[in-house]
Participant: 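To start, I am sharing the structure in question, which I have written as structure tokens.
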Amino acid sequence: MNLQVHLGNLTLSNPVILASGTAGYGREIAPYLDLDRIGALTLKGISSTPWVGNPPPRIHETYAGIMNSIGLENKGFDRFLREDLPFLENFQTRIIANIWGKTIEEYSDIAKKMNGLERIDAIEVNVSCPNIEQGGESFSCNSQILCQLIQNLRQKIQKPLIFKLGPNTDDLDNVLLFMEKEGVDILSITNTYPALAVDVENQSFIFSRKTAGLSGPAIKPLALKLVYDVIQKTRLPIIGMGGIMKAEDALEYLLIGAQAVALGSVNLVDPSAAVQIIDGIEAYLIQKNIFDINDLIGKVREVWR
Amino acid sequence: MKKAKIVQKKFLGTSFVELWLEENDIARLACPGQFVMISAGSTYDPFLKRPLGILSCQENYFGLLFDIVGRGTKILSQLEIGDQVDLLGPLGNGFSLNPKEALLIGGGRGLVPLYFLAQIFTSKKIPFQFFFGIRNQEEKVLIDYLSELSIPMVLSCQEQLSNYYCGTVLDAFEDWLHHHSQSKPTQKIYACGPQGMFQALSKMEDIIPNQIEVSLESRMGCGYGVCLSCAVKKKGVPGYFHVCKDGPVFRLGEIEL
């Protein structure tokens, strides 16, 4: 049985990745999950300097999902280096660093730092964060700025470079062409969906920033459609994510052509879910008499690749 | 993830439920102030587990006591003996367990970790006094837990009830200090209750917030430190603690409420 997948020059022992922000820096989830069983661990988003994040409330449960407004809180690169990197040295699993900044310069700074760490196997860039030089609108809302960021980071990063795109990327078609041209290696599709909730009792918004990101099973069909649409438009390998709870959900993403999948919200409710999902994928392949997972990827539709 | 079977269930009045579950590790390891994340049903709706404080542990069993406040706790209240639930735990940092002498101050469902603490103090022969406040007659069912322990206690109720101090638990506490001509309590204080109680406690004269341990309640996503949802502001410095991992027990002086 072969579960190994290749996303450009990044090879994973199996296609199941833990999504950023749902597994900490590895130490937090390790008591519940053998990190060496998973394809890769994506670290909680890190910026060059620590960031305090948003005031509470930061989470709100919806029907079959959750909205969050954590606000990118993180301990910053130096503390990560001191407190978490040594722990990660104990594992063989692929480690993907997720990075963000409030300016292109900040992105560039954290990109260089992460690129210099041997233990980091790939770098994923979160572009769904506010650009303070553009009045706080998200980097993904302005394709020109996004392309500048892509070009800048590709020059700084020699490791496999992943861009994580949310559901509302400006001028997606051209951004995808630009990414291919610049040599971006992989796409992560998608991030949380912008969503709104109102506190009826107090007649106010639930979140202080009004909107928050929706994740969980509630978004799965939407995210699956987005992944499918992006697959039609690009040759770049894709990590599909959004609402995966069990092996069958992961298989849907693989069948439409995602080379790997990432688990997010499910880690919050069941930190050992990844192992069950990997086992479930394996059981499915045996049942369908498929020896190599790569023969399954994209099977429900001929895609341009 | 752990699985536990419900072995005992009891309704107390109309809104409180006590459950006893069989799970060896939790029963053996849990300390007062720690909690479990327990799944409310097996579908994805409600999606998240619920954080519940541990009431007590005996042999292979641990108890939970909760108030039906929303959809999750409503579903939990409908579980029956023999049902199995998924859970994580014991989670978080509990209370310190070696004071010379202690004062326990609780309000409403804040009873839960303090009851566990009182049991430990009793078995360790640590002298303590328990102050416990309820809002109304309905919450009187909680008092039975304390009567069982036969410990020195002061009870308060915000409605008129015979044998209860009329007012909040902090009113009763101040009154007690006054009557015992103790202007400054020298005992270690442990508290759990509504946010307003903590705010009032931190404003009381002659108490040192950094010497008081409080157990906080918070909405949580994961309970084990990855989602960073349960933020509580640090006092005097920028940034947040996370109730699940840094708490739920904090020193009153280190948090902004």
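Quantities reported herein were computed from a predicted structural model and do not represent experimental measurements. Chain naming here is simple, since letters A, B, ... match the order of the sequence lines and numbering starts at 1 in each.
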Participant: Who among A:Asn54, A:Val52, A:Val269 has the most heavy-atom pairs with chain B under 4.5 Å?
Facilitator: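 Among A:Asn54, A:Val52, A:Val269, the one with the most close pairs to chain B is A:Val269.
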Participant: Does atom CD of A:Glu248 have more than 12 heavy-atom neighbours from other groups under 6.0 Å away?
Facilitator: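 Atom CD in A:Glu248 is not crowded, with 12 or fewer foreign heavy atoms closer than 6.0 Å.
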Participant: Could you tell me which of A:Ser265, A:Pro57, A:Ser272 has the largest number of non-hydrogen atom pairs under 4.5 Å with chain B?
Facilitator: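 The option with the most such pairs is A:Ser265.
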Participant: Of the non-hydrogen atoms in B:Tyr240 and A:Pro55, which two are nearest, and what is the gap between them?
Facilitator: OH-CA, 3.0 Å
Participant: Using the rule given for side chain to side chain contact (heavy atoms under 4.5 Å, CB included), can you reason through B:Tyr44 versus A:Met245, listing the C-alpha separation, both sets of side-chain angles and the distance that settles it, and then say yes or no?
Facilitator: CA-CA 9 Å; B:Tyr44 303 143; A:Met245 297 299 289; 3.4 Å; yes
Participant: If you count every heavy atom of other residues, nucleotides or ligands that lies below 6.0 Å from A:Gln203 atom CD, does the total exceed 12?
Facilitator: no
Participant: Can you see which heavy atom on A:Val266 is nearest to which on B:Phe47, and at what distance?
Facilitator: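 In this case the closest contact between A:Val266 and B:Phe47 is N-CZ, 4.4 Å.
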Participant: Do A:Gln276 and B:Met1 have side chains that get closer than 4.5 Å, going by heavy atoms?
Facilitator: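 No, every pair of side-chain atoms sits at 4.5 Å or beyond.
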Participant: Is it the case that more than 12 heavy atoms not belonging to A:Phe87 sit under 6.0 Å from its CZ atom?
Facilitator: yes
Participant: Is A:Tyr32 close to chain B through its backbone or its side chain, or both, or neither, when contacts mean heavy atoms under 4.5 Å?
Facilitator: side chain
Participant: Take a 6.0 Å sphere around NZ of A:Lys246 and say whether it holds more than 12 heavy atoms from other residues, nucleotides or ligands.
Facilitator: yes
Participant: Which residues pass the salt bridge (charged side-chain N to carboxylate O under 4.0 Å, His left out) test with B:Asp25, sequence neighbours left out?
Facilitator: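 Partners of B:Asp25 under the salt bridge (charged side-chain N to carboxylate O under 4.0 Å, His left out) test: B:Arg28.
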Participant: Need one label for A:Ile70: side chain, backbone, both or neither, based on atoms under 4.5 Å from any heavy atom in chain B.
Facilitator: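 For A:Ile70, side-chain heavy atoms alone lie under 4.5 Å from chain B.
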Participant: Could you tell me which residues in residues 221-236 of chain B have at least one non-hydrogen atom under 4.5 Å from a non-hydrogen atom of chain A, sorted by residue number?
Facilitator: B:Gly221, B:Cys222, B:Tyr224, B:Gly225, B:Val226, B:Cys227, B:Leu228, B:Ser229, B:Ala231
Participant: What residue in B:Lys245, B:Arg219, B:His242 has the most heavy-atom pairs under 4.5 Å with chain A?
Facilitator: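 The candidate making the most pairs under 4.5 Å is B:His242.
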Participant: Does B:Trp20 CH2 have over 12 foreign heavy atoms under 6.0 Å away?
Facilitator: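 Atom CH2 in B:Trp20 is crowded, with more than 12 foreign heavy atoms closer than 6.0 Å.
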Participant: Specify the closest pair of heavy atoms between A:Ile59 and B:Leu48, including all atoms of both residues, with the distance to one decimal.
Facilitator: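 Of all heavy-atom pairs spanning A:Ile59 and B:Leu48, the closest is CD1-CD1, 4.0 Å.
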Participant: Just so I understand: if I count every heavy-atom pair under 4.5 Å between each of A:Pro217, A:Pro50, A:Pro31 and chain B, which residue has the most?
Facilitator: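 It is A:Pro217.
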Participant: Quick check on A:Asp270 against chain B: is it the side chain, the backbone, both or neither that has a heavy atom closer than 4.5 Å?
Facilitator: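 Looking at A:Asp270, backbone and side chain both touch chain B.
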Participant: Considering only heavy atoms, which portion of A:Ala23 lies under 4.5 Å from any heavy atom of chain B: side chain, backbone, both, or neither?
Facilitator: backbone
Participant: Tell me whether the count of non-hydrogen atoms from other residues, nucleotides or ligands lying under 6.0 Å of CZ in B:Arg135 goes above 12.
Facilitator: no
